[in-house]
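So the structure is just underneath, and the comments pick up after that.
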Amino acid sequence: MSEHGDSIVPFNPTELRSGEPACKTDITVLSVDLRTEKSNKEELKDIKKPYEGSSLLQDEHNNDAKLSPFKPQPPSLPKPVGLGMGGKNISFEEKVRGRRLRNSQQSLTDPGETGSSTDSLKEDSSSNGQGLASGHPLDLPPMETPPFRTGSFSETDNEHSDPNKERLKPSRIILSPLQTSGTYPPLENSAASTSLRTANRIDRDCLDYSAVGRRGRSERLQRNLSDSRLLDTMVSDSASVHSMKSTYSVLNPIRPRDVRNRSFLEGSVLGNGALLGAEELDRYFPERRLGIYIATWNMQGEKGLPYNLDDLLLPTDTDFAQDVYVIGVQEGCPDRREWEIRLQETLGPYYVMLYAAAHGVLYLTIFVRRDLIWFCSEVEHATVTTRIISQIKTKGAVGIGFTFFGTSFLFITSHFTSGDSKVYERILDYDKIIEALALPRNLPDTNPYRSTTSDVTTRYDEVFWFGDFNFRLNKARGEVEAILNQGVGADMSPLLQHDQLLKELKEGSIFQGFQEAAIQFPPTYKFDIGCDVYDTTTKQRTPSYTDRILYRNRQADDIKVVKYTSCSSIKTSDHQPVIGMFQVKLRPGRDNIPLGAGQFDRSLYLEGIRRRITRELKKREAAMKNQNNSTVCSIS
């Protein structure tokens with residue numbers, strides 16, 4: 001193409017004469033309108049430049065090789081896109097088309113812009129170049145050959161061309177076909193497969209919403225809550241997995257019309273969208289079962305607390321932590337606040353203290369998972385002393401009652417009269433407590449038809465009573481030790497035949513309607529402090545099952561026992577703690593229940609978490625010091 005936009009007919013090697021250079025070909029100059037704008041000329045110059053270099057290079061190769069007209073010929077270079085039929089002025093649409101073509105050429109040849117598709121184009125172009133080299137001595141570099149064919153030859157060029165060159169006639173713009181470098185990897189059905197993730201560009205974070213993500217979440221639940229990874233996800237329970245319906249959060253999405261239509265019908269369990277209704281209950285508890293952990297321990301008034309309470313609250317032989325933790329203490333330590341902080345430190349940021357009450361040295365503390373606190377009602381408590389002098393608060397009971405969804409709970413911890421032969425006095429303690437414990441006060445009774453005014457335990461759906469009941473074994477110490485030394489394992493029936501409490505339960509004189517799980521652990525009283533040896537003092541007290549956990553429910557089979565054992569690793573008292581794990585049936589609630597509105601002891605929570613972090617940092621520092629001190633230098 002000339003400087004003024006004239007079109008150039010591509011060279012014809014058959015018309016070359018011997019001794020003439022390849023650049024002396026017949027050129028037909030077509031006139032172009034002088035009124036063509038200057039901008040069009042500049043654009044045509046830009047379009048012409050990529051072809052000029054290729055034309056000169058091809059002429060030089062033809063001149064050196066002196067091609068014969070009978071040898072296979074390379075395809076002739078096409079004309080620029082700028083000129084149309086007969087060299088007329090190009091239209092605006094053709095000019096835009098030429099710009100797009102030029103941009104596409106630049107993007108294809110730019111290695112920074114190419115991807116997997118351009119790699120296959122390069123392979124095709126290289127293979128084409130090899131085919132030309134095999135049939136012709138001319139071997140053009142791949143970078144100089146256009147990656148695709150473009151054609152805008154004028155009709156005049158076709159008139160002067162040879163019919164044998166019809167195969168060289170360029171057609172419309174056609175990209176080279178894509179060819180795969182190899183077979184695709186087989187796709188697996190698993191969302192975790194590498195091939196499937198690569199094919200669909202699945203982000204690693206998005207795997208949490210697949211079956212693999214749910215499985216991985218359930219595996220993370222099995223980690224001990226006492227570890228130092230405090231920043232891990234804290235709402236990874238199975239209930240959240242079942243209720244997950246959103247693609248961007250584990251929370252259930254809320255539609256605006258649901259918010260508008262949400263009705264809180266007083267006294268109705270059928271209100272759609274009720275906060276304590278069936279829909280909300282099924283979302284958090286698909287099986288409608290609440291996990292409750294209960295621990296009772298007579299601390300003997302010791303000032304020194306165990307360094308680690310993990311064995312008391314988080315035993316290693318359990319798969320999951322529970323939803324509610326209830327801890328009852330008799331003869332508690334003088335500093336009650338310190339005891340509560342230690343409990344919060346052990347349970348960590350997953351739990352908050354719902355309520356705590358005390359009656360002298362009787363402490364009762366309830367922790368609940370922080371994401372479930374919104375479904376708890378207002379909490380009430382009451383105390384009863386069983387001493388003749390009411391100011392002496394070493395014996396008696398403290399009770400806490402509240403409603404969770406539509407199920408009412410009552411937790412009582414008590415300390416009965418001590419003494420081997422004072423069974424009758426202990427029965428009197430029980431009778432006084434069930435009559436004098438003034439609960440509930442403001443909470444509505446979920447089933448008033450089964451309640452009686454003379455027994456507080458009949459006014460709640462689920463009742464747990466635990467503590468130091470002081471019932472003993474009616475057998476001499478020597479005979480008891482002989483049975484324990486026989487190695488009967490978990491079978492404690494020879495001892496339980498002489499248990500005072502079991503005898504009174506069968507006769508119905510105490511704890512009417514209550515049940516106790518099977519006892520498969522040795523007696524928890526009385527030990528020498530710091531060891532597993534029973535009392536070696538001059539009194540030589542008989543080992544006994546003084547620490548017990550009993551339960552009662554209105555509906556049959558509402559409470560299922562998961563575990564009932566003692567904690568033998570804690571030896572700071574003459575009593576060993578007793579723990580129990582239960583699964584309790586839940587029912588939907590009515591919206592007339594006064595809610596606690598998420599209230600908990602915030603200052604206790606912050607102090608417990610601060611101590612937990614400090615403890616973990618000290619452990620790490622100690623581990624690093626031990627690692628540095630363990631280096632041994634040997635002198636040869």
Side-chain angles (χ1 to χ4, degrees), residues 293-302 305-306 312 326-334 336 339 357-365 383-387 392-400 410-434 437 457 463-474 495-496 499-505 510-511 514 516-517 519 521-529 534-535 539 541-551 564-568 570-580:
Y293 188 100
I294 294 179
T296 178
W297 184 27
N298 187 320
M299 300 178 65
Q300 201 186 10
E302 290 293 333
L305 296 175
L312 176 64
V326 184
I327 304 97
V329 170
Q330 307 83 40
E331 298 182 18
C333 61
R336 174 190 162 197
W339 166 247
H359 178 67
V361 290
L362 288 173
Y363 305 155
L364 183 58
T365 312
T383 60
V384 175
T385 182
T386 56
R387 289 286 191 179
I392 303 176
K393 300 178 180 179
T394 57
K395 297 294 190 291
V398 54
I400 293 179
L410 175 62
F411 300 95
I412 304 175
T413 185
S414 61
H415 195 184
F416 291 169
T417 303
S418 60
D420 293 345
S421 60
K422 294 184 179 181
V423 178
Y424 180 71
E425 287 78 0
R426 288 188 277 272
I427 295 177
L428 292 180
D429 292 343
Y430 166 79
D431 292 337
K432 184 176 182 179
I433 292 172
I434 62 175
L437 201 62
T457 62
V463 181
F464 292 90
W465 198 327
F466 45 94
D468 184 3
F469 298 151
N470 263 321
F471 286 96
R472 312 298 173 90
L473 292 176
N474 288 330
L495 288 178
L496 297 175
D499 184 69
Q500 294 176 350
L501 179 57
L502 292 180
K503 180 182 177 182
E504 299 301 326
L505 284 173
I510 193 174
F511 290 111
F514 280 83
E516 184 181 17
I519 297 178
F521 51 91
T524 58
Y525 173 85
K526 172 182 189 201
F527 290 93
D528 290 341
I529 296 178
Y534 288 103
D535 186 18
K539 293 185 178 181
R541 292 183 176 88
T542 301
S544 301
Y545 294 97
T546 57
D547 308 282
R548 314 286 274 269
I549 300 176
L550 282 74
Y551 60 92
Y564 188 42
T565 186
S566 62
C567 182
S568 59
I570 296 181
K571 302 176 175 57
T572 58
S573 171
D574 59 351
H575 289 254
Q576 287 185 354
V578 175
I579 61 175

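These numbers come from the heavy atoms of this one structure, side chains and all, not from hydrogens, waters or symmetry mates. By convention here, the first residue in the shown sequence is residue 1.
- For Thr542 and Arg472, the side-chain atoms include no donor-acceptor pair closer than 3.5 Å.
- Two residues are said to be in side-chain contact when any heavy atoms from C-beta on lie closer than 4.5 Å; Leu364 and Ile412 fail this criterion.
- Between Phe521 and Tyr564, the angle of the ring planes goes over 60°, which puts this pair in the perpendicular group of the 30/60° scheme.
- At least one side-chain heavy atom of Leu305 sits under 4.5 Å from a side-chain heavy atom of Met299.
- Heavy-atom contacts from other residues, nucleotides or ligands closer than 6.0 Å to NZ of Lys432 number more than 12.
- Using a 4.5 Å heavy-atom threshold, the side chains of Tyr545 and Val578 count as separate.
- The pair Asp499-Arg548 counts as a salt bridge, with a side-chain nitrogen and a carboxylate oxygen less than 4.0 angstrom apart.
- When the options Asn470, Asn298, Thr524, Thr296 are evaluated for a side chain to side chain donor-acceptor pair (under 3.5 Å) with Asp547, the one that passes is Thr524.
- Relative orientation of the Phe416 and Phe471 rings is perpendicular, given thresholds of 30° and 60° on the angle between their planes.
- Residue Val398 comes nearest to Ala358 through the heavy atom pair CG2-N, 4.3 Å, listed as atom of the first residue, atom of the second, then distance.
- The heavy-atom pair separating Pro334 from Gly301 by the smallest distance is CD-O, 4.1 Å.
- One finds the CG atom of Asp429 at 9.0 Å from the CZ atom of Arg387 (value rounded to the nearest 0.5 Å).
- Classification of the Phe514-Tyr430 ring pair by plane angle, with boundaries at 30° and 60°, yields perpendicular.
- Other residues, nucleotides and ligands contribute more than 12 heavy atoms inside 6.0 Å of the NZ atom of Lys571.
- Of all heavy-atom pairs spanning Trp339 and Ile327, the tightest one is CZ2-CG2, 3.7 Å.
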